[in-house]
Amino acid sequence: MTKRNETRYNEAQDAMRDGADDEQIRRDYGFSPQVIAALRATLEDKGPEF
């Protein structure tokens with residue numbers, strides 16, 4: 001994974017922690033619903049402090 005993509009994923013997960021909904025994540029980061037679901041699942045597995 002490139003550093004740029006890693007940064008986008010981290011920023012999207014930070015936004016999720018801050019309460020962003022799926023539509024906002026899609027608009028801001030351009031992720032598909034499947035990617036958003038995977039990011040949320042990873043976030044839940046790691047906990048809120050990840």
Side-chain angles (χ1 to χ4, degrees):
M1 175 180 346
T2 66
K3 184 68 173 169
R4 181 176 179 193
N5 281 340
E6 185 177 348
T7 300
R8 283 179 60 219
Y9 293 139
N10 290 337
E11 288 175 355
Q13 285 185 322
D14 287 342
M16 289 174 185
R17 283 187 202 95
D18 292 338
D21 63 6
D22 290 359
E23 182 61 24
Q24 184 178 351
I25 299 297
R26 187 195 61 74
R27 263 192 329 265
D28 293 348
Y29 300 98
F31 292 135
S32 70
Q34 294 83 1
V35 172
I36 294 170
L39 288 172
R40 284 198 187 276
T42 301
L43 192 62
E44 290 171 5
D45 289 345
K46 301 290 183 183
E49 298 296 320
F50 175 65

Check: What is the distance from atom CD1 of Ile36 to atom CD of Gln24, rounded to the nearest 0.5 Å?
Finding: 10.5 Å
Checklist line | Those residues that, when tested against Asp18, pass side-chain contact (heavy atoms from CB on, under 4.5 Å) (two or more places apart) | finding: none
Checklist line | All side chain to side chain donor-acceptor pair (under 3.5 Å) counterparts of Glu6, not counting sequence neighbours | finding: none
Check: What distance separates Asp21 CG from Met16 CE, expressed to the nearest 0.5 Å?
Finding: 10.0 Å
Next item on the list: Not counting sequence neighbours, which residues clear side chain to side chain donor-acceptor pair (under 3.5 Å) with Thr7? List them please.
Entry: none
Margin query: Rounded at 0.5 Å granularity, tell me how far CZ in Arg8 sits from NZ in Lys3.
Written below: 14.5 Å
Checklist line | Partners meeting side-chain contact (heavy atoms from CB on, under 4.5 Å) with Ala15 (sequence neighbours left out) | finding: Ala20, Ile25, Tyr29
Note to self: Holding to salt bridge (Lys or Arg N to Asp or Glu O under 4.0 Å), I want the full list of residues that pass it with Arg26, two or more places apart in sequence or in another chain.
What the structure shows: Glu23
Check: Which residues satisfy the salt bridge (Lys or Arg N to Asp or Glu O under 4.0 Å) test with Asp22, sequence neighbours excluded?
Finding: Arg40
